[in-house]
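Data block below; observations after.
Predicted model, so just to flag it, every value in this text is computed and none were measured.
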Amino acid sequence: MGWIQSIQQFFVLRRVLPKLKQDVNVLQIGLNNLMQQLSVWESSKTLITSDEVLQEKERFHHVYERSKRGFLLDETMHTKLKQEDGSLTSSVVSLNTTYASISSELLNVWRELDERVEQINQRLHGLYEQMESFHQEIEAARRHYIGDSLRKRLLGDYRDVYDFFKSDPVPEATSFIQLYRALDQQVKDWNGAHVTEELKRTQSFFDSIDGKSLDDQQRRAVIVNEDANLVVAGAGSGKTLTIAAKAKYLVERKQVQPHEILLISFTKKSAEEMKERICERLHIPVEVKTFHGLGMGIIAEGRKQKPQVEDELKTVIRDYCMHQFYEHPHRMKELIDFFGYYFYIPKGIEEFETAGEYHDYNKHVDLEPLRSKVGKSLSSSEIIAAQQRQKITIQEEKVKSLEEVMIANFLFLNGVEYEYERNYPHQTATRYHRQYQPDFYLPEYDLYLEHFGINRKNRAPWLSPIEEQKYLDGMEWKRQLHREHGTKLIETYSYYRQEGNLLDQLRLKLLKQGIVFREVDPKVVFDKLYRTKQKSHFNDFVDFVSSFLQLFKSNHYTESQFDVFAQSLNKKDLFHYQRAHLFFRLVKPMYRMYEDYLRRTNKIDFNDMINEATSIVSSDAVHLPYKYIIIDEYQDISVSRYRLIEAIRKKTGSTILCVGDDWQSIYRFAGSDLSLFTDFERYFGKSALLKIENTYRNSQQLIDIAGKFVMKNKRQIRKNLSSGKRLTTPVRVMGIKGKNDFEVALRKALDQIVKTHGPESDVLLVGRNNFDIKSLEGSASFRVKHLKDGVQVIDRTHPNLQISFLTAHRSKGLEAENVILINTANSKNGFPNKIMDDPLLSFVLQKQEELEFGEERRLFYVALTRTKHTTYVLTPDDRMSTFVQELIKEQQVPYEMGIEEGKSIRDNPKCPRCLDGHLVIREQANRKSTFVGCSHYPSCDYTANHPSILDNPVVCPSCRGYLVLRDGKNGKFYGCLNYPLCKHTMERENVEQMKRVMERMK
């Protein structure tokens, strides 16, 4: 009978299973629909009502009821479906399991439906409340200036709300979505409106700050309250008044507590002035500190004791050079090599548009070789011994270029005797050539050395075509002379220097001629040069190393950074590669010794102090109450100071206001870095740039001249300075012929000041260096008194004049009725000073100056703008500063000679070779005859035996040389000095007629 039961089960299953599957499907569809509805509710932008929930429950009630009943079969059906062992078939079991699972899940969802809907509604309530909170925060923020951090926080805090509503906004969220999307522009508009309204509300407040009324730009600088604010203030524009007004505004109108304001200045003197003006006169006890005082206070609180801060950097460098070099002779040799070959960076003539610009550049360079410097330091007995040994007279010697300096120094340091420009032993002077004087003669080897200024293509394109041909012909003429007379000649070329291998090529050529090198004892050279008064190189080197290490430490670098620098050098630029490598080898042990000195004496220097204070602030070891940080003279900021301020700002959330003038950034030697000012937003984030451009010191004409001058550097921030004062001639340049004429020119300037402004006027003499005032010491007309706080000068002719002397650096921030610049020479220590603008600084600056002598240009701007009336510039007529030349050429600043009936060299005809120098009368040594030479001598050695050119210059229309009067078969005529290369002639009558026409045109 078993098989009959199986057949029965089969037919029962065929009838029952579809019904069971249908029940399972009904439950599954019901569950899916319920979950789908729940999903719709969860993404709903509006609240779900109880009626909506009830409607959904009614829709699925029959499913719910079926789910509650479960999978039920009557006993007869169970019996029919059971197998012989009493179990149900697998298909029935599977359906039963599925049914039970779906039923259980549906029941759970159903029972939790009200709770889930409540959660959804609660979340929606939260989103609606956040939208309302957003509007409330906006309303509260609009009553003040909205800073970028608040704008960012609002966007960040409500981003989830915006993301939820943005794709399918409901009416309740429309205003929120629109406002959120437009917040950036809205903040700009609201801030603009706030400033406008606040200007109206504070009219009377700003009309009297310490008895003075602020102009519109100053008021805006006070009211604008971005998280970071940079106020760019022109010279004499009232930045101190603006800072005082800001402090008063914060306390009296914004209810900021005075102790929550930190005001930082760079010098003790300026900090005291700020304290007197704000704390005492305005009765606002804000905290006024120097960076030194701020760092000291933070460390004292963090350490619980004050550190001993001392800056002996220059002293340690000098001590190292004077003592340690004797223990390390190889380093002493490296120092001598640096002075001999790398102290100056030779610029090739090919880097200039004209040969004249090249020669003018070389005027600042010390072209005296080491041998001459050592000779000047020898005692009488040493000079006699040297003369007997070398069979030559040791005298002051100057060569024509830095390349020749390198050659002369190489010969001297390697013990090779030489004579510079000794007359060639064979007569060579002709109608067209003077006596030949080879560059170098080596008497021990009867060998001549010529250094030719040509490029690798054997050309001199920086000269005019005819002068280039003359130069190339001259080279061949010299070679031919040596061939004719059997004298040995070796040659070097300017392109060797350009390619960085001048010394290597020279060494190879000399060795090939059998030259024996006998290196001089570097100790002897060092003693003679740097232990005597002849040590300007050494002092300049110490100053430069000090500046480099100040910037090095400001960046928080350690000793290993020197190796990083060395690895980053470009080996293709061989000269600069060798120079930088040598410099790092010299400076690294100096840095190490300086750090050892600080550790040994238990001291820290200023940069250490600032860096340690930064670490203490970052570690939360001190409590700082500041809400506002105001920094005066921000253009003097260094990297280490910036990091300290940023650390305080991050810990306190302070708003920062920096006030300064990038045009007056002049303290790079003390670690300041201009890019921290000009790239302000890069360092502080979103910031407001404000300007105060009304100057109350200078005339409009002076600030136009000075502004155009300083803005040659495109990295400077442009300002449109304006003044209500007018003065026809605010800058006057007076030329000086020689040393003796300096006092005459100064007297002329002082007489004009007395005539215009009275005998009791105050006059500020401004020099580039402290020693510039020595030009008046010992004078019969002036008395110089060195006082504790400066230098006073008494004019015996005008004894009531208030005359003082300051360097340009120390004059910053000061003013006088009239100013006289007394050192504007084109020289190493002139204006611009050429030492402190070295590409090695690029390793320790955030950005290297793009414009040559950029900092010196700003310093010159400072000097020009100290005056209330006129700035007089005394300048050597034949060595005029490039800055002064620029004022005359590009801004038509009037130029006159500082002596009566003095004729300027600039009125003389131009040199036809270099095109920039002027022709002047020269006298031949030991002869009474005169000739014409270039003012750029010795760099430019153009000469002509026709002094008449000065009074009667006739330019050759063919080659741009000069025509001179000559005797011919048919009488006198004008012929070219470049004959026979140029054969142009003119009849005497035609020249005279041309001159008359030119005179009428004038």
Side-chain angles (χ1 to χ4, degrees), residues 311 313-314 317 335 338-339 341-347 351 361 364-365 537-559 561-570 573 575-588 590-591 594 605-607 635-643 662 664-679 683 712-716 768-769 808-809 828-829 831-860:
D311 194 350
L313 180 53
K314 287 188 180 181
I317 294 171
L335 180 67
F338 188 83
F339 287 137
Y341 309 133
Y342 298 110
F343 188 71
Y344 294 101
I345 300 176
K347 278 193 171 185
E351 299 178 51
Y361 169 82
H364 84 272
V365 176
H537 270 59
F538 179 62
N539 289 334
D540 291 338
F541 179 74
V542 169
D543 290 344
F544 179 70
V545 171
S546 175
S547 297
F548 183 91
L549 290 180
Q550 289 274 17
L551 289 162
F552 184 90
K553 295 201 66 174
S554 178
N555 281 280
H556 214 174
Y557 290 147
T558 58
E559 186 176 333
Q561 188 66 32
F562 286 104
D563 298 327
V564 176
F565 288 159
Q567 292 169 6
S568 69
L569 295 174
N570 179 10
D573 190 347
F575 177 85
H576 286 89
Y577 174 82
Q578 293 168 340
R579 182 175 189 263
H581 250 299
L582 181 55
F583 179 76
F584 295 147
R585 288 201 303 272
L586 285 168
V587 175
K588 184 177 179 179
M590 295 180 190
Y591 167 79
Y594 178 55
D605 66 9
F606 179 81
N607 280 300
Q635 73 277 352
D636 298 331
I637 195 73
S638 64
V639 173
S640 58
R641 292 182 179 103
Y642 156 74
R643 286 177 175 159
D662 61 303
Q664 299 186 70
S665 177
I666 59 173
Y667 286 109
R668 187 175 59 193
F669 66 86
S672 67
D673 195 327
L674 180 62
S675 65
L676 294 166
F677 191 108
T678 54
D679 296 335
Y683 294 96
K712 269 292 187 73
N713 188 343
K714 301 305 179 185
R715 282 192 62 209
Q716 308 285 170
R768 175 58 185 83
N769 314 287
H809 280 100
K828 178 185 66 175
N829 291 313
F831 216 157
N833 182 294
K834 311 295 177 75
I835 300 300
M836 302 307 293
D837 209 65
D838 195 291
L840 287 167
L841 291 176
S842 64
F843 289 94
V844 286
L845 285 172
Q846 298 297 303
K847 279 188 179 180
Q848 174 72 332
E849 294 277 2
E850 295 176 4
L851 184 68
E852 188 175 44
F853 307 126
E855 177 136 327
E856 289 292 307
R857 182 173 289 270
R858 292 189 292 273
L859 184 60
F860 195 75

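Partners of Y667 by ring-ring contact (aromatic ring centres under 6.0 Å, His included), not counting sequence neighbours, listed by chain and number: F669, H809. Residues passing the ring-ring contact (aromatic ring centres under 6.0 Å, His included) test with F575, sequence neighbours excluded: Y342. Taking the side-chain hydrogen bond (donor to acceptor under 3.5 Å, both in side chains) definition, one finds that S675 meets it with D673, sequence neighbours left out. Partners of F548 under the ring-ring contact (aromatic ring centres under 6.0 Å, His included) rule, at least two apart in sequence or in another chain, are F583. Residues that satisfy the side-chain hydrogen bond (donor to acceptor under 3.5 Å, both in side chains) test with H581, not counting sequence neighbours, are Y577. Scored by the side-chain contact (heavy atoms from CB on, under 4.5 Å) test, S638 finds S554, S640, R641 as partners (sequence neighbours excluded). S665 is linked by a side-chain hydrogen bond (donor to acceptor under 3.5 Å, both in side chains) to nothing, counting only residues two or more places apart in sequence or in another chain. A search for salt bridge (charged side-chain N to carboxylate O under 4.0 Å, His left out) contacts involving R579 returns D838, not counting sequence neighbours. Residues satisfying the side-chain contact (heavy atoms from CB on, under 4.5 Å) criterion with D573, sequence neighbours excluded, are N570, H576. Residues satisfying the side-chain hydrogen bond (donor to acceptor under 3.5 Å, both in side chains) criterion with R857, sequence neighbours excluded, are E886. With sequence neighbours excluded, the residues forming a ring-ring contact (aromatic ring centres under 6.0 Å, His included) with F677 are Y634, listed by chain and number. In this structure, the side-chain contact (heavy atoms from CB on, under 4.5 Å) partners of Q664, at least two apart in sequence or on a different chain, are A235, D661, K812, Y861, V862, R866.
Contact between L551 and L841 at its shortest, heavy atoms only, is CD1-CD2, 3.9 Å. What you find for Y683 and Y642 is that their closest heavy atoms are O-OH, 2.8 Å. For the pair I317 and S546, the tightest heavy-atom approach, listed with the atom from each and the gap, is CD1-N, 3.8 Å.
Separating the CD1 atom in I666 from the CG atom in D636 is a distance of 7.0 Å, to the nearest 0.5 Å. Here the straight-line distance linking atom CG of D563 with atom OG1 of T558 works out to 9.5 Å at 0.5 Å rounding. Expressed to the nearest 0.5 Å, how far CG of L335 lies from CE of M590 amounts to 6.0 Å. Taken from CG in N607 to OH in Y557, the straight-line distance is 12.5 Å, to the nearest 0.5 Å. For the atom pair L676 CG and R643 CZ, the distance stands at 9.5 Å (nearest 0.5 Å). Between atom NZ of residue K553 and atom CG of residue D605 there is a gap of 3.5 Å, rounded to the nearest 0.5 Å.
Side-chain rings of F843 and F584 approach one another, their centers coming within less than 6.0 Å.
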Before giving the answer on salt bridge (charged side-chain N to carboxylate O under 4.0 Å, His left out), spell out for D662 and R715 the whole-Å C-alpha distance, their side-chain angles and the decisive distance to 0.1 Å.
-> CA-CA 10 Å; D662 61 303; R715 282 192 62 209; over 6 Å; no
Worked verdict on Y594 versus F552 for ring-ring contact (aromatic ring centres under 6.0 Å, His included) = CA-CA 13 Å; Y594 178 55; F552 184 90; over 10 Å; no
Pair F860-F853, side-chain contact (heavy atoms from CB on, under 4.5 Å): steps then yes or no = CA-CA 10 Å; F860 195 75; F853 307 126; over 6 Å; no
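L674 has its side chain out of reach of E855: every pair of non-hydrogen atoms, C-beta onward, lies at least 4.5 Å apart. The closest side-chain heavy-atom distance from L845 to R668 is below 4.5 Å.
Side-chain contact check for Q635 and R858: no donor-acceptor pair (N or O, by modelled atom type) lies under 3.5 Å.
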